[in-house]
Structures are given as C-alpha cells and as structure tokens.
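Remarks on the structure that follows.
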Amino acid sequence: MAVIERVVVTVFTTVTHSYVDEHGHRHPGPPREVTEALLTITDADGASGHCLTKPDTVREAVVGGYLGPALLGEEGFDRERLWHRMARRQRGSQGAFSDRALSAADQALWDLAGRRLGLPVWRLLGGARAEVPAYASTMCGDDIPGGLATPEDYANFAKELVARGYRAIELHTWMPPLPHGVDRDIAACTAVREAVGPDIELMLDSYHWYSRSEALTLGRALDELGFAWFEEPMEEASVQSYRWLAEQLRTPIIGPETAWGKHMARAEWVVAGACDILRVGVVGSGGITPALKAVHLAESFGMDCEIHGNGSGALAVIGATLSGRWYERGLLHPHSDYDTPPPHLRSIVDPLVDGKVRMPTAPGLGDDIDHDYIAARTVATWESRLR
Ligand code: LLH
Ligand code: MG
C-alpha cells in the first residue's frame, strides 16, 4: 500500500501521418509534428502508471484543479473509490473535467496497479480470454484518389482487408464536411458485400444525423445485405428514435457510442430496448472502471457489449470479459500504415495474427512507451505533487 505522490502530464512532440478534419474525422496525410500528452501517476514506493492522451484533455488546469486534489495522498490501489472521488468533481467543473480526462486517470491507475502486481490489467480484471478476433474499422469516407472516395474504393479496400486476414469489416462512410447521404451509403455497402461475399461480417457506422425515415431506409438496405450491425445513424440523445428503429429492423442496432452518461446511459438504452448490442468506449465513457460495468450490465441481460475504439484500455476490458465478440482495429485506410508504431512507442499493442489480436503480456496496460523519446521531446510539464 502506498499513497499517490505525483500526478504529472508530460507534453511532447511526435510525428503523425494523419490529420483531423474540421468535424473531427481522421484521414491520412503527409507526416507532420503534433503534440501528445503522457499522464503519469506515481506512488510513494516509486511505482508509476501511465496513459497516453491529448494535451487539451489533461490541461494544466485539469491537473492542478481536479486530478491532483482528487488523487494526491490517496491509496493508489483504491481504483473504484478514486474513480468516484474524481467523477464527483466533474459536475462542479462546468465541463472542464471531461470523461476523457477521467478515463486517462482511471487507465493510469489500472496501469499502476498492474505494474505493482506484475500482472497485465486484462488478467487482473478477470482473465477471460487471451485473444480476440479483430474487425477492420475503416476511416470515414473522403475525396482522396485511391482512398475511400467511391463505393469501388471501399470494395477494393475490403478485398485487401480480407486478404490481410480480417473476417469482419466496419465501414465508416461519408461525414461532413464531405457530401454524404443514404444513397451513397447504400452504394458503398452494396459494393463491399459484392466484393467480399456472404461469409465476411460487415458493419456500418454512417452519418450520425439522419432522420428516422432516412435511417430506416438505410437500415432496410442493410437487412437485405445481411449486415451484422448498424451504428449511430441518428443523434444518440434521442433514445426513443433508436427504440423506434430497432423495432423495425432485422439488422442489430448497436449503441450508444457517444451518448453522455457513462454506464448509467447504457442501462437506459438496454431498458428502453434502444439497442440489440450495447456499445461502450474506454476513452469516451470515463475509463476502464465504468466500461467494465457496462459490459457486465450487458451480460446480465444476455446481450453482447462491443467496445468502441482501439488501444490498450479497450484490450484490458475485452480480455477481462466475454460479452462481446470483437476488437475494433483501426482506423484503417488504403493510404495509411497502422502497423508501424508512432515514434513515441516501441511497438504497437495490437498486432494482427490470423485475424486476431493477442492480449498484452507485460504488466499493466501493455503500452510499449519509449520514455527516452518522450524525455528528449518534452515541451511542457504540468505537475501536482504531495507537499
Ligand atoms: O466519426 C468518426 O470519425 C468515426 O466514426 C470514429 O468516431 C470511430 O472511432 C467510430 O465511430 N468507431 O466506431
Ligand atoms: Mg462509431
């Protein structure tokens, strides 16, 4: 047992081969320098837990105003108690202390616990499975030649993904600021089904603001094409719209991904009959601690819960539980190389072997962080320390 003595955010420069458009969708691009952040929580015994995140998520004011006061002097092993201690401070933060910041701290605490015990977090949490099939999750549609600009592009890429070993593919189709629409989505889904045949599972995550009637038209096309799920075609704040849609389609509705409310919002969706498959993300829903509750909730209702997003936190929850079939590997694009790690990592946490990803074996979350690289490229350090 050892109390938390330091909460530090290290902001560093690294290189990415992608850019995020004005609506927040990632696309491939030429290499460029960006800043990233490493949150580190250190206890009195000198043990540390880490989580990679964005500098904006764990701003200096968040470290000094919320993470430090909630965590310093507290026993680092008390993850459930500390999660509540942090989450209770969100309401009064007027939005400053986000679910993403909460998630980064929660993940760092789980990493710390795993490192202290010499166990991978997925095993510490339950040790349900050592490998999981991965579905290939594409980037959103674009207007890049040979990219994801046409239904034929999606079809060609889908064939390539199957050749790489994937047995399932999730399409993210066109989103603003690009032209989008039900007809374009149906054309892409049809082209991909024709390209890969009936044995590959396909999922669609489309434009998120269709009306009920547009979503129904698209969903009926997916029924004909035999899709495995239909994700976020409407504003997720309207639970009743999802209930309405789920009642009319054979294709399973999955959700919610972005709806506010952590595991509690997921309980509302299940009780409302708004989804056939539950969705929760570690990064977007407040961390491993609430994501685990959502997965167990789904299991209690005999439902699958599919974890949104890639990375070590997602693997920790998937490896710890059985209520879900897949790991989301991506986002992938014909012009982007997922398998080469960014320079601040020595290796990726989720290499693909025979269509599957093996759980990490290193203690903690398993991210292979290059601390020397980060130290050499540090541009700012925000620290809260026990006096
Ligand atoms: O809108 C996007 O860029 C993608 O949908 C992205 O959020 C992706 O992570 C997703 O939704 N996966 O399911
Ligand atoms: Mg999604």
Side-chain angles (χ1 to χ4, degrees), residues 103 106-107 110 120-138 165-172 200-205 227-232 236 242 246 251-259 261-271 273-332 349-360 365-366:
S103 171
D106 181 69
Q107 289 184 71
W110 280 107
V121 174
W122 66 273
R123 185 153 266 153
L124 174 61
L125 285 170
R129 51 183 153 178
E131 62 178 22
V132 60
Y135 64 87
S137 187
T138 75
Y166 291 103
R167 304 298 298 163
I169 302 169
E170 176 166 74
L171 283 65
H172 289 94
I200 300 298
E201 296 203 44
L202 297 176
M203 305 85 150
L204 174 65
D205 187 346
F227 267 51
W229 75 55
F230 189 19
E231 178 168 336
E232 207 179 343
E236 286 187 341
Y242 277 87
T251 306
I253 299 292
I254 188 171
E257 177 184 317
T258 53
K262 309 181 178 78
H263 52 295
M264 286 82 83
R266 273 81 201 162
E268 297 295 338
W269 273 59
V270 171
V271 171
C275 57
D276 304 286
I277 304 170
L278 196 61
R279 193 76 150 147
V280 71
V282 166
V283 174
S285 305
I288 289 171
T289 299
L292 206 58
K293 293 176 186 182
V295 179
H296 290 156
L297 167 80
E299 184 181 318
S300 311
F301 281 90
M303 294 172 73
D304 277 341
C305 181
E306 296 294 346
I307 303 300
H308 170 254
N310 63 341
S312 59
L315 285 175
V317 175
I318 293 169
T321 55
L322 292 175
S323 309
R325 296 174 54 207
W326 301 101
Y327 170 70
E328 178 168 18
R329 196 166 188 272
L331 300 172
L332 309 179
V349 75
D350 56 356
L352 188 75
V353 180
D354 295 334
K356 294 179 184 156
V357 169
R358 293 196 62 75
M359 298 302 149
L365 288 173

**Study point:** Criterion side-chain contact (heavy atoms from CB on, under 4.5 Å) on Y327 and L315, from CA distance to verdict
**Key:** CA-CA 7 Å; Y327 170 70; L315 285 175; 3.6 Å; yes
Please find the pair of heavy atoms, one from [X] and one from [Y], that lie closest to each other, and give the distance.
X: G313; Y: Q107; value: CA-OE1, 3.6 Å
X: T251; Y: F227; value: CG2-O, 3.6 Å
X: L352; Y: A134; value: CD1-CB, 3.8 Å
X: W326; Y: A168; value: CH2-CB, 3.4 Å
X: V121; Y: A316; value: CG1-CB, 3.9 Å
X: I277; Y: A228; value: CD1-O, 4.2 Å

Check your understanding: Short question: side chain of S103, backbone of G284 - any donor-acceptor pair under 3.5 Å?
Key -> no
**Study point:** Main-chain N/O of P256 paired to E232 side chain as donor or acceptor, under 3.5 Å
**Key:** no
Review point. So does K293 have more than 12 non-hydrogen atoms from other groups sitting under 6.0 Å from NZ?
Key: yes
Please examine the side chains of [Y] and [X], heavy atoms only from C-beta on, and report whether any two atoms are closer than 4.5 Å.
X: H263; Y: S285; answer: no
X: R325; Y: E306; answer: yes
X: L278; Y: F301; answer: no
X: I200; Y: Y166; answer: no
X: P360; Y: L365; answer: no
X: L331; Y: S137; answer: yes
X: R329; Y: D350; answer: yes

**Study point:** Pairs involving residues 273-290, ordered by first then second residue, that meet salt bridge (Lys or Arg N to Asp or Glu O under 4.0 Å) (sequence neighbours left out)
**Key:**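 Sorted pair list: E170-R279, E231-R279, R279-E328.
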Practice item. Any pair with a residue in residues 120-130 that passes salt bridge (Lys or Arg N to Asp or Glu O under 4.0 Å), sequence neighbours left out, goes on the list, sorted by first then second residue, please. Key: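 Listed by first then second residue: nothing to list.
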Practice item. Can you spot which of L297, I307, L292 makes a side-chain contact (heavy atoms from CB on, under 4.5 Å) with V280? Key: I307
Exercise for review: Could you go through the side-chain contact (heavy atoms from CB on, under 4.5 Å) check for D205 and E257 one step at a time?
Suggested key: CA-CA 10 Å; D205 187 346; E257 177 184 317; 3.8 Å; yes
Practice item. Please report the C-alpha distance between R266 and C305 in whole Å, then the side-chain angles of each, then the deciding distance to 0.1 Å, and finally whether the side-chain contact (heavy atoms from CB on, under 4.5 Å) criterion is met. Key: CA-CA 10 Å; R266 273 81 201 162; C305 181; over 6 Å; no
Exercise for review: Using the side-chain hydrogen bond (donor to acceptor under 3.5 Å, both in side chains) rule, collect all pairs that involve residues 294-304, keeping only residues at least two apart or in two chains.
Suggested key: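 Sorted result for residues 294-304: E299-S323.
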Review point. Should the pair W229 and Y135 be assigned to parallel (<30°), tilted (30 to 60°) or perpendicular (>60°) ring geometry?
Key: perpendicular
Practice item. Any chance you could measure I318, atom CD1, to L125, atom CG, to the nearest 0.5 Å? Key: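 Going from the CD1 atom of I318 to the CG atom of L125 covers 12.5 Å.
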Practice item. Working to the nearest 0.5 Å, report the span between CD1 of I169 and OG1 of T138. Key: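 Output value for this atom pair is 9.0 Å.
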Practice item. Would you sort out whether V283 and H308 count as a side-chain contact (heavy atoms from CB on, under 4.5 Å), showing the intermediate values? Key: CA-CA 9 Å; V283 174; H308 170 254; over 6 Å; no
